[in-house]
Trainee: 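Once you've had a glance at the structure underneath, I'll fire off some questions.
Chain A is the first sequence line, chain B the second, and so forth, proteins listed ahead of strands; every chain is numbered from 1.
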2 protein chains.
Amino acid sequence: MAKSASFPKPDHDHSRCSASALRKAETICAARKVRLTDIRRDVLEIVWKSHVPVGAYDILAQLNADGGRTAPMAVYRALEFLMENGLVHRLASLNAFIGCAHLNAESGEGHHAAQFLICRACGTAAELESAPLTRALTQAVAERGFTIDSQIVEISGLCPHCAAL
Amino acid sequence: MAKSASFPKPDHDHSRCSASALRKAETICAARKVRLTDIRRDVLEIVWKSHVPVGAYDILAQLNADGGRTAPMAVYRALEFLMENGLVHRLASLNAFIGCAHLNAESGEGHHAAQFLICRACGTAAELESAPLTRALTQAVAERGFTIDSQIVEISGLCPHCAAL
DNA sequence: AGCTATAGTGTGATGTTATAACATATACAA
DNA sequence: TTGTATATGTTATAACATCACACTATAGCT
Ligand SMILES: [Zn+2]
Ligand SMILES: [Zn+2]
Ligand SMILES: [Zn+2]
Ligand SMILES: [Zn+2]
C-alpha cells in the first residue's frame with residue numbers, strides 16, 4: 001500500500017485530482033451496479049472542485065448558478081448516495097462535504113473510516129490514513145469493552161503550507 | 001493520575017455525579033474569577049441530568065417547562081461560557097452537549113481536548129482519556145507537518161452494558 | 001413493444017440548529 | 001455614585017436538514 005499522501009499543495013494541478021476522482025467514481029459505480037446519475041455526478045464534480053469541504057447549500061447554489069431550480073432535498077439525496085458508496089465524506093465539525101481521497105475501484109467496500117486534518121487558514125481538508133492512529137483508537141476502545149460502529153476524527157489547525165507563510 | 005473511569009453504569013447513583021460536577025463548577029468559576037450566573041448554572045444542571053448528550057433546544061424546553069420565556073440565544077450563550085471554562089463539551093456528531101467528566105479544580109486550564117464514546121443504544125456518552133491514543137494522534141499529525149489547534153474524536157457504537165443485553 | 005416493479009427525482013412545507021444585531025439590565029470597582 | 005465591563009433580553013434571520021407525497025425514468029420480464 002502506498003504511503004499516505006502529503007497535504008495537498010496550494011499550487012498542485014487539481015484538475016488531475018478531480019478528473020481522476022470522477023473517473024474512479026464511474027468505475028466504482030459500474031462495479032457496484034449502482035447508478036451515477038446526472039445530479040449525483042454534478043454534485044460529485046462540485047465537491048471535487050477543490051480540497052476545501054463544501055456545504056450542501058453551497059453545492060445547491062452552484063447547481064442553480066445558471067438559474068436552475070434544484071431543491072435542497074436533491075442535493076442531500078445525492079450526497080447520501082455518494083457517502084453510501086464511499087465517494088464523499090461528511091465533516092461533522094463543518095457541516096460540509098469533501099471528496100474521498102482513497103478511492104479504490106478494487107475494494108468492494110462502501111464508506112470507510114476516515115480521519116481528517118483541516119487547515120483553519122486555507123480551509124483545505126486532507127484525509128489521513130494512519131495505521132498507528134487507527135490501531136491506538138481501536139485498542140483504547142476495546143479496552144473499555146466498547147464495540148465500534150463508526151468514528152469521527154477531525155483535527156483542526158494549520159497546514160504546513162500555511163504555517164510556512 | 002487516576003485510571004480512566006469505566007463506562008457509566010446504567011444503575012449508578014447519578015445524583016452524585018451531578019452534585020459533584022456542580023460543586024466543582026462553583027469552585028472552578030470562583031478560582032477563575034468568572035461568574036456562574038443563574039442561567040449558566042441552570043443550563044449546567046440540565047446538562048448534568050444524565051450522561052446522555054442534550055441538544056440546545058432540549059435545554060431550552062426544560063428551562064421553559066414552567067412557562068418561562070427564555071430565548072435560544074440565552075442557552076447558546078450559557079453553553080459558550082460553559083465550554084470556554086471547560087465545564088461542558090459539544091459533540092459535533094450529535095449537535096449536543098455533555099458535562100465534562102474531567103473537572104479538575106486545580107488545573108487553571110479551560111477547555112481541553114477530549115475523546116468520546118457514544119452508545120447508539122442508550123445514548124450515553126463517555127469521555128475517554130487515552131494517553132496512547134492522544135500520543136498516536138499527535139504523532140500522526142506531526143509527521144505531516146500539521147500544527148494542531150483542536151481535535152474532535154467521537155466514536156459511536158455499543159457500550160458494554162447495552163452489548164450485554 | 002408493452003407491463004410492472006423499483007429506483008430516482010420534483011416539489012412544497014416543515015423541522016432543527018445556530019447566530020446577528022441592538023436594546024436593556026446588572027455587578028463591580030474607582 | 002457613577003462609569004465601565006459583563007451579562008441578559010428580544011426580535012429576527014441564517015444555516016442546515018428532513019418529511020411526505022406525487023410523478024418519472026429505468027431495468028428486467030413477457
Ligand atoms: Zn487536488
Ligand atoms: Zn492551509
Ligand atoms: Zn452519572
Ligand atoms: Zn449503551
Trainee: Which is more 5' along DNA chain D, the nucleotide nearest B:Arg40 or the one nearest A:Ala96? Just name the residue.
Mentor: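 Per heavy-atom nearest nucleotide, the more 5' residue is B:Arg40.
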
Trainee: Check the phosphate of D:dC16 against A:Tyr57, side-chain N and O only, distance under 4.0 Å to OP1 or OP2. Yes or no?
Mentor: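 Checking D:dC16 against A:Tyr57, no side-chain N or O comes under 4.0 Å of OP1 or OP2.
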
Trainee: Measure across A:Arg69 and A:Asn64 and return the closest heavy-atom pair with its distance rounded to 0.1 Å.
Mentor: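 Where A:Arg69 meets A:Asn64 most closely, the heavy atoms are N-OD1, 3.4 Å.
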
Trainee: Tell me the interatomic distance from B:Met73, atom CE, to D:dA14, atom P, rounded to whole angstroms.
Mentor: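 Computing the B:Met73:CE to D:dA14:P distance gives 16 Å.
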
Trainee: For B:Phe81 and D:dA5, what is the distance between atoms CZ and P respectively, to the nearest whole Å?
Mentor: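 After rounding, the reported distance stands at 19 Å.
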
Trainee: Between protein and nucleotides 25-29 of chain D, what N or O pairs are separated by less than 3.5 Å?
Mentor:
none

Trainee: Give a yes/no answer on whether the side chain of A:Arg77 brings an N or O atom under 4.0 Å of OP1 or OP2 in D:dT18.
Mentor: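 Looking at the OP1 and OP2 atoms of D:dT18, neither is under 4.0 Å from any side-chain N or O of A:Arg77.
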
Trainee: Find the distance B:Arg41:CZ to D:dT8:C1' and express it as a whole number of Å.
Mentor: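 Interatomic distance, CZ of B:Arg41 to C1' of D:dT8: 19 Å.
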
Trainee: Would you kindly give the CD-to-C1' distance between B:Glu84 and D:dA7, to the nearest whole Å?
Mentor: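 Going from CD in B:Glu84 over to C1' in D:dA7 covers 13 Å.
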
Trainee: Among the nucleotides D:dG9, C:dT9, D:dA7, which one has an atom lying closest to any side-chain atom of B:Thr37?
Mentor: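 Of the options given, the side chain of B:Thr37 lies nearest D:dA7.
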
Trainee: Answer yes or no on whether A:Arg40 is positioned over the face of A:Phe81, meaning its NZ or CZ is under 6.0 Å from the six-membered ring centre and within 45° of the axis.
Mentor: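 Pair A:Arg40/A:Phe81 counts as cation-pi.
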
Trainee: Using a cut-off of strictly less than 4.0 Å, decide whether A:Thr70 has a side-chain nitrogen or oxygen near OP1 or OP2 of C:dG10.
Mentor: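 It does not, given that no N or O in the side chain of A:Thr70 lies less than 4.0 Å from OP1 or OP2 of C:dG10.
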
Trainee: Looking at the rings of B:His51 and B:His12, which for Trp means the six-membered one, are their centres under 6.0 Å apart?
Mentor: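 Yes, the ring centres sit under 6.0 Å apart.
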
Trainee: Are OP1 or OP2 of C:dT19 and a side-chain N or O of B:Tyr76 less than 4.0 angstrom apart?
Mentor: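 Negative; the distance criterion is not met.
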
Trainee: To the nearest angstrom, how far is A:Ile39 atom CD1 from C:dT11 atom P?
Mentor: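 Atom CD1 in A:Ile39 sits about 11 Å away from atom P in C:dT11.
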
Trainee: Pick one: which of A:Asp42, A:Leu63, A:Val43 meets side-chain contact (heavy atoms from CB on, under 4.5 Å) with A:Thr70?
Mentor: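 The residue from A:Asp42, A:Leu63, A:Val43 that satisfies side-chain contact (heavy atoms from CB on, under 4.5 Å) with A:Thr70 turns out to be A:Leu63.
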
Trainee: Report the distance from atom CG of A:Asp42 to atom C1' of C:dG8, rounded to the nearest whole Å.
Mentor: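 Rounded to whole Å, this separation is 15 Å.
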
Trainee: For the residue pair A:Asn85 / A:Arg32, report whether a side-chain donor-acceptor contact shorter than 3.5 Å exists.
Mentor: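 Note: A:Arg32 and A:Asn85 side chains meet the donor-acceptor criterion.
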
Trainee: Do other residues, nucleotides or ligands put more than 12 heavy atoms under 6.0 Å from A:Asp13 CG?
Mentor: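 Yes.
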
Trainee: Nearest whole angstrom, please: distance from the P of C:dG15 to the CG of B:Leu60.
Mentor: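 Rounding to the nearest Å, CG of B:Leu60 and P of C:dG15 are 16 Å apart.
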
Trainee: At under 4.0 Å, does any side-chain N or O of B:Asn95 touch on OP1 or OP2 of D:dC16?
Mentor: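 For B:Asn95, the contact criterion (side-chain N or O under 4.0 Å from OP1 or OP2 of D:dC16) is not met.
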
Trainee: Whole angstrom is fine here: how far is it from CG in A:Asn64 over to C1' in C:dG10?
Mentor: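 Rounding to the nearest Å, CG of A:Asn64 and C1' of C:dG10 are 13 Å apart.
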
Trainee: Hey, does A:His89 have a side-chain heavy atom less than 4.5 Å from the side chain of A:Glu127?
Mentor: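 A:Glu127 reaches A:His89 side chain to side chain.
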
Trainee: Which residue lies toward the 5' end of DNA chain C, A:Pro72 or B:Ala56, if each is placed at its nearest nucleotide?
Mentor: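 It is A:Pro72, whose closest nucleotide lies nearer the 5' terminus.
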
